[in-house]
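First the structure, in the form of structure tokens, and then the observations on it.
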Amino acid sequence: MNEDVEFAGSLIRLSLAVQYVLQDQSRRYNLTPQQSVLMSSLLERPVGMAELSDRLHIEKSTLTGLVDRAERRGLVHRTPDPGDRRALRVALTTEGRDMADTFYRAVTEALLAHLEGLPAETVCQVRSAVPPTATLFWDAV
């Protein structure tokens, strides 16, 4: 097996490991994985429905249902887009922000626990391979 194929396999295993952590933490906080990604996508700012559809790689009708369910739980709310009166943005409620912050911290702690014991050199290599300006996981889903 050539090195590129082995490397790709390593990336797949890493991706799956991160997905498992996200799923476990989602269950812990009584969120669907889709809700956790939605809420994490809103941590920085309210986001328009069209942009959310692109970020989450889901159809607008599917996004509408996802937002409806999160809104019924009191986690998000829709607000008018000041730049386009026909469009809506989705924002976290106070309860949603608290849950999203707590969820993010829990995912971070769980991932760091899996990395304990890695040599410092390996951590530095991974850190330099993924610069801080890289798209966050929920922006790339």
Side-chain angles (χ1 to χ4, degrees), residues 1 3-141:
M1 187 180 291
E3 287 181 21
D4 290 341
V5 172
E6 288 179 23
F7 180 65
S10 296
L11 290 176
I12 291 168
R13 288 188 302 280
L14 176 62
S15 174
L16 290 171
V18 171
Q19 287 178 41
Y20 293 147
V21 167
L22 290 171
Q23 290 170 358
D24 288 344
Q25 294 303 318
S26 294
R27 277 191 291 278
R28 180 175 168 206
Y29 290 96
N30 197 29
L31 296 169
T32 66
Q34 296 81 7
Q35 286 172 332
S36 66
V37 171
L38 169 68
M39 292 173 56
S40 297
S41 294
L42 300 171
L43 272 170
E44 290 184 23
R45 63 179 173 79
V47 178
M49 292 287 282
E51 183 180 342
L52 271 176
S53 178
D54 289 343
R55 279 186 184 193
L56 303 178
H57 296 275
I58 58 176
E59 296 295 321
K60 290 178 184 172
S61 60
T62 303
L63 176 63
T64 298
L66 177 61
V67 171
D68 286 346
R69 289 184 295 281
E71 197 168 38
R72 281 193 297 274
R73 287 189 61 186
L75 302 174
V76 301
H77 62 96
R78 292 174 173 97
T79 61
D81 186 329
D84 181 353
R85 62 189 177 115
R86 299 167 295 158
L88 293 173
R89 294 186 313 174
V90 180
L92 292 169
T93 62
T94 301
E95 179 184 351
R97 173 156 303 284
D98 290 345
M99 183 174 284
D101 285 337
T102 301
F103 174 79
Y104 182 84
R105 279 193 308 276
V107 168
T108 300
E109 289 170 10
L111 289 172
L112 290 174
H114 286 291
L115 300 175
E116 285 179 12
L118 277 180
E121 180 181 328
T122 301
V123 172
C124 286
Q125 288 172 335
V126 172
R127 189 176 287 135
S128 67
V130 183
T133 57
T135 303
L136 297 173
F137 75 88
W138 46 80
D139 293 335
V141 172

- [ ] Would you give the length of the straight line joining atom CG of Leu31 to atom OG of Ser40, rounded to the nearest 0.5 angstrom?
- [x] 8.5 Å
TODO: Report yes if the side chains of Gln23 and Arg27 come closer than 4.5 Å at any heavy-atom pair, otherwise no.
DONE: yes
TODO: Without swapping roles, check the side chain of Arg28 against the backbone of Asp24 for a donor-acceptor pair under 3.5 Å.
DONE: no
Open item on the list: Nearest 0.5 Å, please: how far is OH in Tyr20 from CG in Leu111?
Closed with: 14.5 Å
Open item on the list: Do the side chains of Asp68 and Arg78 get close enough for a salt bridge, i.e. N-O under 4.0 angstrom?
Closed with: yes
Task: Non-hydrogen side-chain atoms of Leu16 and Arg13 separated by less than 4.5 Å - done: no
- [ ] State whether the side chain of Ser26 and the backbone N or O of Ser36 hold a donor-acceptor pair below 3.5 Å, judged by distance alone.
- [x] no
- [ ] Please assess Ser10 against Glu6 for the test side-chain hydrogen bond (donor to acceptor under 3.5 Å, both in side chains), listing each intermediate value before the final yes or no.
- [x] CA-CA 6 Å; Ser10 296; Glu6 288 179 23; over 6 Å; no
Task: Residues Glu51 and Arg55 bridged, charged N to O under 4.0 Å - done: yes
Open item on the list: If we ignore hydrogens and angles and just use 3.5 Å, is the side chain of Thr108 paired with the main-chain N or O of Tyr104 as donor and acceptor?
Closed with: yes
TODO: Check for a donor-acceptor pair, side chain of Thr64 on one end and backbone N or O of Lys60 on the other, with a separation under 3.5 Å.
DONE: yes
Open item on the list: Please report the interatomic distance CZ(Arg97) to OG1(Thr102), rounded to the nearest 0.5 Å.
Closed with: 11.5 Å
- [ ] Measure the spacing between OG1 of Thr93 and CD of Glu95 and express it to the nearest 0.5 Å.
- [x] 5.5 Å
TODO: Show the numbers, then the answer: is there a side chain to side chain contact (heavy atoms under 4.5 Å, CB included) between Gln34 and Leu56?
DONE: CA-CA 9 Å; Gln34 296 81 7; Leu56 303 178; over 6 Å; no
TODO: Taking Ser41 for its side chain and Val37 for its backbone only, find out whether a donor-acceptor pair lies under 3.5 Å.
DONE: yes
Task: Close side-chain approach of Met39 and Phe103, heavy atoms under 4.5 Å - done: no
Task: Student check: side-chain heavy atoms of Arg45 and Arg89 closer than 4.5 Å - done: no
Open item on the list: Checking Leu75 against Leu92 for the side chain to side chain contact (heavy atoms under 4.5 Å, CB included) test, could you report, in this order, the C-alpha distance in whole Å, the side-chain angles of both residues, the deciding distance, and whether it holds?
Closed with: CA-CA 6 Å; Leu75 302 174; Leu92 292 169; 5.7 Å; no
Task: Inter-residue atom distance Leu14.CG - His114.NE2, 0.5 Å rounding - done: 11.0 Å
Open item on the list: Just verifying a value: how many Å separate Leu66 CG and Leu38 CG, rounded to the nearest 0.5 Å?
Closed with: 5.0 Å
Task: Whether Ser128 side chain and Cys124 backbone form a donor-acceptor pair below 3.5 Å - done: yes
TODO: May I ask you to test the Thr79-Leu88 pair for a side-chain heavy-atom distance under 4.5 Å?
DONE: no
